[in-house]
Amino acid sequence: MVALIEVLYAVSTLVFVVAGLTMVGMAIRAYVQTSRNAMLHLSVGFSLAVAGAAATMISAFLTEFDGTKRLLLVNSGLTTFGYLFVMYSLVTYE
């Protein structure tokens with residue numbers, strides 16, 4: 001039986017993924033409309049953050065949450081690089 005904490009983790013990650021992909025779509029649409037590179041960087045940033053969350057969740061359930069430290073490292077690494085792209089998009093926006 002799946003523990004409540006695992007269900008809550010899956011649901012919160014799925015909500016994060018949907019919200020993140022929505023932001024990616026909005027940034028890509030803004031890039032197409034304005035041709036501003038900042039919007040492209042923003043979409044890459046949110047894509048990396050979403051990829052980290054999704055990869056961590058999938059790996060966690062496939063490995064039955066074994067190797068938690070590695071999972072957290074992947075999640076935190078991709079999220080950090082994603083946020084660096086988001087920050088860069090804010091700094092370079094004209």
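Model, not experiment: these values are computed from the prediction.
- Under a cut-off of 6.0 angstrom, the local environment of CZ in Phe65 is crowded, with over 12 non-hydrogen atoms contributed by other residues, nucleotides or ligands.
- Every pair passing side chain to side chain donor-acceptor pair (under 3.5 Å) that includes a residue from residues 64-82 is listed here, sequence neighbours excluded: Asn75-Thr79.
- Other residues, nucleotides and ligands contribute at most 12 non-hydrogen atoms within 6.0 Å of the CZ atom of Phe81.
- Residues Leu48 and Leu84 are members of one and the same hydrophobic cluster, defined by side-chain heavy-atom contacts under 4.5 angstrom among Ile, Leu, Val, Met, Phe, Trp and Tyr.
- Nearest approach of Ser43 to Leu40, heavy atoms of both residues: OG-O, 2.7 Å.
- To the nearest 0.5 Å, atoms OG (Ser47) and CG (Leu21) are separated by 7.5 Å.
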Name every donor-acceptor pair, under 3.5 Å, that has one atom in a side chain of residues 28-36 and the other anywhere in the protein, sequence neighbours excluded.
unit_1: Thr34; atom_1: OG1; unit_2: Ala30; atom_2: O; d: 2.7
unit_1: Thr34; atom_1: OG1; unit_2: Arg36; atom_2: N; d: 3.3
unit_1: Arg36; atom_1: NH1; unit_2: Glu94; atom_2: O; d: 2.7

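- Atom CG of Leu8 has more than 12 neighbouring heavy atoms from other residues, nucleotides or ligands inside a 6.0 Å radius.
- When side chains are defined from C-beta on, Val50 does not count as touching Met23, because their heavy atoms never get closer than 4.5 Å.
- Thr13 contributes no side-chain N or O that, together with a main-chain N or O of Ala10, makes up a donor-acceptor pair within less than 3.5 Å.
- A donor-acceptor pair under 3.5 Å links the side-chain atoms of Ser12 to the main chain of Tyr9, judged by distance alone.
- Nearest approach of Thr92 to Ala38, heavy atoms of both residues: OG1-CB, 3.9 Å.
- Looking at every heavy atom in both residues, Glu6 comes nearest to Phe61 through O-CZ, 3.5 Å.
- Counting heavy atoms from C-beta outward, Met39 and Leu42 have side chains that approach closer than 4.5 Å.
- Distance check: Tyr88 OH to Tyr93 OH gives 15.0 Å after rounding to the nearest 0.5 Å.
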